[in-house]
Amino acid sequence: MRTPGTEAEAVEIQQRLRHRVELSGTDVSAARTAVGLDVDYTGDRIVAAAVVLEVATLEVVQTSVAEGETIFPYIPGLFAFREVPTLLAALDGLDEAPDVLVCDGQGLAHPRRFGLACHLGVITGLPAIGVAKTPLGRYEMPGPERGARAPLLHDDGGEVGAALRTRDGVKPVFVSVGHRTDLDSACALTLLLTPKYRVPETTRLADQLCRQSP
DNA sequence: GCGACAG
DNA sequence: ATCTTGTCGC
């Protein structure tokens, strides 16, 4: 997918691709491997990192880094166009495809139900979930214990994700389906990836890796 | 029209 | 995302 020249063109691309999202098919909590994806900005450069973990042990299987130029501006709702090209390059550097993509941003929890995790899932054909640190829409507050969850809501009232508590008494993360899985599986996987910190190990390690790769 | 708005 | 110290708690 080339970088859109205008905001309107970007929206058209999302409208066209959104129908390819599959909302079931894989229990990602049974995945053997999961890849964490994140980027870091430095001036007009962008560094993307992919870290593959074995879900059962949380041990690193492989890492990959790619660098590119920041072309598309940051626009909430179109944020994926800024990061997708370099993230795909990082994924290309992996020897074998991971079982699921764990993205740092929204999946269906997006104004057009097509956030970053949907972009990456549909383009790669791999199961994908979005785990964001802040939500785009409204949400109900889950109970205070790890594992508690409450609906993340679209403006039209539909449930597009979940506010999921990954640590007792700590602000929840915002989980949504990206591609080829369901919300229950996505939340279950997120809990497997958060034994100690609020944010999934996949995302934490990818964040560390791209942050230290100038 | 205005504000809010993933990273 | 980034600008930014010390502090409280497990």
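Quick note: numbers below take in every heavy atom, side chains included, and nothing from hydrogens, waters or symmetry partners. So that the names make sense, note that chain A is the first sequence line, chain B the second, and so on, each numbered from 1.
For the pair A:Arg82 and A:Tyr41, the cation sits on the ring face: its NZ or CZ lies under 6.0 Å from the ring centre, inside 45° of the axis.
Both A:Phe114 and A:Val177 sit in one connected hydrophobic cluster of ILVMFWY residues. Membership requires side-chain heavy atoms under 4.5 Å apart, directly or through other members. Placement of A:Val160 and A:Val131 in two distinct hydrophobic clusters is found when ILVMFWY residues are connected by side-chain heavy-atom separations under 4.5 Å, directly or transitively. Residues A:Tyr197 and A:Leu205 do not share a hydrophobic cluster, defined by chaining ILVMFWY side chains whose heavy atoms lie under 4.5 Å apart.
The distance from atom CD1 of A:Ile123 to atom CG of A:Leu17, rounded to the nearest 0.5 Å, is 7.0 Å.
Only A:Tyr74, A:Pro76, A:Gly77, listed by number, bring a heavy atom of residues 70-77 of chain A to less than 4.0 angstrom from any atom of DNA chain B.
Of the charged side-chain nitrogens involved, none lies within less than 4.0 Å of a carboxylate oxygen, so that A:Asp207 and A:Lys133 do not count as a salt-bridged pair. For A:Glu96 and A:Arg32, the salt-bridge test passes: some basic side-chain N is under 4.0 Å from an acidic carboxylate O. A salt bridge links A:Arg149 with A:Asp184: the distance from a Lys NZ or Arg NE/NH1/NH2 to an Asp or Glu carboxylate oxygen falls below 4.0 Å. Using a cutoff of 4.0 Å between basic side-chain nitrogens and carboxylate oxygens, A:Asp38 and A:Arg204 are not scored as salt-bridged.
Counting any heavy atom pair closer than 4.0 Å across all strands shown, A:Pro111 reaches no nucleic acid atom. No contact: A:Arg138 has no heavy atom under 4.0 Å from any strand. Residue-level contact check: A:Leu37 touches neither bases nor backbone, having no heavy atom under 4.0 Å from any strand.
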For DNA chain B, what is the dot-bracket line, given that a base pair needs Watson-Crick (N1 to N3, plus N6-O4 or O6-N4) or G-U wobble (N1-O2 and O6-N3) geometry with both distances under 3.5 Å, and | means paired with another strand?
.......
Counting Watson-Crick and G-U wobble pairs with both distances under 3.5 Å, what is the dot-bracket string for DNA chain C, 5' to 3', using [ ] for crossing pairs and | for pairs to another strand?
..........
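Hydrophobic cluster of A:Val199: no remaining members, since no ILVMFWY side chain lies below 4.5 Å from it.
Between A:Ser185 and A:Thr181, the shortest heavy-atom contact is CB-OG1, 3.5 Å.
Heavy-atom contacts of chain A under 4.0 Å fall on DNA chain B between two terminal nucleotides, which in 5' to 3' order are B:dC5 to B:dG7.
Each of A:Val35, A:Leu37, A:Leu189 was compared with A:Val102 under the side-chain contact (heavy atoms from CB on, under 4.5 Å) criterion, and only A:Leu189 meets it.
Ring orientation note: the planes of A:Phe81 and A:His119 are nearly perpendicular, at an angle over 60° on the 30°/60° scale.
Judged by distance alone, the side chains of A:Asp44 and A:Thr70 never bring a donor and an acceptor atom under 3.5 Å apart.
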Kindly give the atom pairs (protein nitrogen or oxygen, nucleotide nitrogen or oxygen) under 3.5 Å for nucleotides 4-10 of chain C.
none

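Other residues, nucleotides and ligands contribute only 12 or fewer heavy atoms inside 6.0 Å of the CZ atom of A:Arg20.
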